[in-house]
Amino acid sequence: MSHFLNEDQQLIVNSVREFCQSPTVQKMIQEEKAVGGFPHQSWKAAAEQGYIAAYLPEEYGGMGYDHVTYYSIFEELCKNSYPCTGPISGHILGIKAIEAWGTDEQKKMFLPQLGSGEKICCGAATDPAGGTNFSEWGLTEEETEDGWILNGTKVITTNAHNADYKVVFGRPQNGAKWYDHFYVIPKDAKGLETGEQEMKLVPDGSDWGTMVLKDVHVPKICRFERGDKDALWLGTSYMMVALQSLVLGEAGFMYAFGFATQRSRRGGKLIDLQTVAHKIADMAIRNEAGRGLIYTAARMWDEGRKEECSRLASMAKAFICEAANKNLHDATIIHGGIGNTMPATVGVLWAASLQLELAEFPCDMHRDFVIESYGVDLDWKTR
Amino acid sequence: MSDTAMQRYVVCYKWVLDEADIRVLDDLKVDMTRAKGKVSDFDRSAIEAAMRAAEAQGAGESQDKALEVHALTFGDAEVTRSLKDALSRGPAEGWTIAGEAAKTADGRVSAQALAAGIKAIPNVSCVFAAEGASDTYARQIPSRIAAILDWPLISSVLTLKIEGDELIATRKLEDCLQNVRVTLPAVVSVLPEDYEPRTPGLKAVMAAGRKPTHELGSAELGFDPNDVASPMLSPKRLNVSQIGYAAARKNIIHKGLSADEAAQSVASALRKEGVV
Ligand SMILES: Cc1cc2nc3c(=O)[nH]c(=O)nc-3n(C[C@H](O)[C@H](O)[C@H](O)COP(=O)(O)OP(=O)(O)OC[C@H]3O[C@@H](n4cnc5c(N)ncnc54)[C@H](O)[C@@H]3O)c2cc1C
């Protein structure tokens, strides 16, 4: 959470912690884990608490909170390993797109159910040709009298199977951006098939996979276009991934600090070795720098300083996701051989941190976004 | 429903320091400087008990408010900061008695202040409290309040229900359960076992800020809660010192056993100690 929460925000964060740690919720989580699969119960419980998209206005199923508060809620869920944080992040990419490009009619059609968490969403951009290889995306979109016929495949999408509404980003052509238009497709649309679940490196309860579109007919009302709107909101979605990484980076620090202050070394403790102490200090520095970035960006968004927020959001995504990986790598090494075991957890978290470096574009892409925000034109990207 | 015709259950809660933030230093000094306030854990269960008792009678469902739960607390000037937290857990209104006297209060002082508060709130038919607060766990307040009000006390309550003007409760004794019945008004002190507090959702947290709150002062209480020197508010029990306590380790090593035997031996030792 931000270091500068007011009393109300602090109360909210405390209530989220209390929720996550309550015996009833813990029992629900354990039962759900034992069954496996998408954490529907946890999702429903979080929705009932109002967490899913609390930043949306009440008319769209949210609570009208600012982003500092919303991110603090989300971070607290992550800190407590609440099961559906990955799914929430995938959901938010989809609904932020609807919120940004939707007409009033389109927003009214989808957002209230999605914002409240009654229905689940996903944002499917990644194409088998490469998520960042926009010009070679294979989706075909054929306009008909009453809508569009889509053919193609989207891969490694969070909530691919369980999303009631799939936000499918269209093929960018003639210098357009990947996010310039998209379609909202209901789960049961004819011709929409979901493939096998991908097995993650570190399996979790989330749903991650492929969607195949075979002559899927999408009515006109379900096509969303950017028009002349700015795309600065994307940063607020990237920050959801950065927040998950921030929590992992802090876990790295805690694991390393806890271990090094207890592990004996020649009559002292492991942390007495300056090199170990410095590694751990660096973890703390990276965490604080990341926290500063992300909550400064959030505050900027709340204050309407959207361009500055957008730049900082990509900085946060690039910096925090790599920092978490570095922290957990070093924390694993500090544990010695035991760090390489499952029960020690720290090495598992290291592997898990990789997915956040990749999700919502690899960190180098975000470096592109940062440099572009200073006016540099990376023209090869439109080729 | 007029204000005086509406029945009220009052639940007393204490705003305590969060023990998770309290550190015992190497020299056994207790560092509370970083500790933030919270509604005592046991009191959260008392609030839950009051809410469930009221909701079972339809409270909160209709516009015609025949019954409400109100929260009451006694503390120093900071205590008003607790109201949103307490009210997010369900009570319709909050009452505070805020004054310097709370800083040095013993059980006698706190109970007198709270009893005066209860008298100042119209039409109270039942008072809920926890057996003890999570900081001191002195277990004095409910019984002292009952004595001051001259109302019956039902302590160690596991579960309860209220039917009309009767309260029926199951009390947990050392090795048996006892069912009792009283005619209201009464004071009950509840155990947390069966009253896992609800966790406020975002709507409840937002609504809490809009609920009515009242600060009780000399006019309503008949005494000034800042008047530390008054016989009523000066404590008879004084805190002399407070140092950290760390139980000495027993350092028992279970040696010369197979893995199975060692596991059994450790488990039975832990059971004997009451750890598991
Ligand atoms: C856990 C997880 C969840 C995901 N959820 C979703 C989702 O909900 N929706 C969705 O659409 N996608 C999702 N993805 C996919 C993710 O967005 C893509 O993996 C990512 O954008 C990269 O695309 P790609 O995998 O096709 O790799 P490619 O685009 O082929 O890129 C491969 C590698 O090339 C390098 N590279 C590419 N471009 C650049 C560049 N500009 N500068 C420098 N190096 C570059 C990078 O190292 C990159 O990792 C998810 C991925 C993960 C791991």
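Chain A is the first sequence line, chain B the second, and so forth, proteins listed ahead of strands; every chain is numbered from 1.
Within 6.0 Å of the NZ atom in B/K211, the count of heavy atoms belonging to other residues, nucleotides or ligands exceeds 12. Environment of CZ in A/R299: sparse, with no more than 12 heavy atoms of neighbouring residues, nucleotides or ligands closer than 6.0 Å. Annotation: A/K269, atom NZ; neighbour count of heavy atoms from other residues, nucleotides and ligands within 6.0 Å is above 12. More than 12 non-hydrogen atoms from other residues, nucleotides or ligands lie less than 6.0 angstrom from CG of B/L257. Residue-environment remark: CZ (A/R263) stays at or below the threshold of 12 foreign heavy atoms within 6.0 Å. Atom CG of A/N340 sits in a sparse spot, with 12 or fewer heavy atoms from other residues, nucleotides or ligands closer than 6.0 Å. Taking a 6.0 Å sphere around CD of B/E193, one finds it holds more than 12 heavy atoms contributed by other residues, nucleotides or ligands. Taking a 6.0 Å sphere around CG of B/D260, one finds it holds 12 or fewer heavy atoms contributed by other residues, nucleotides or ligands.
With a threshold of 4.5 angstrom between heavy atoms, A/E58 approaches chain B through side-chain atoms but not through N, CA, C or O. Interface remark: A/Y65 contributes side-chain atoms only to the contact with chain B (heavy atom separation under 4.5 Å). For B/R44, the part sitting under 4.5 Å from any heavy atom of chain A is the side chain, from C-beta outward, and nothing else.
Interface check for chain A: of the options B/R81, B/K203, B/R89, the most heavy-atom pairs under 4.5 Å are formed by B/R81. Of the listed residues (A/S22, A/P23, A/A54), the one with the most heavy-atom contacts under 4.5 Å to chain B is A/P23.
Residues A/S15 and B/V205 approach most closely at OG-CG2, 4.0 Å, considering heavy atoms.
Between the CG atom in A/D8 and the CE atom in B/M206 there is a gap of 9.5 Å [rounded to 0.5 Å]. Between the CG atom in B/L83 and the CG atom in A/L11 there is a gap of 11.0 Å [rounded to 0.5 Å].
Two residues are said to be in side-chain contact when any heavy atoms from C-beta on lie closer than 4.5 Å; B/K38 and A/E18 fail this criterion.
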Show your reasoning for whether side chain to side chain contact (heavy atoms under 4.5 Å, CB included) applies to B/D85 and A/N14.
CA-CA 9 Å; B/D85 187 342; A/N14 292 349; 5.7 Å; no

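Using a distance-only test at 3.5 Å, with no hydrogens or angles considered, a donor-acceptor pair links the side chain of B/E196 to the main chain of A/T24.
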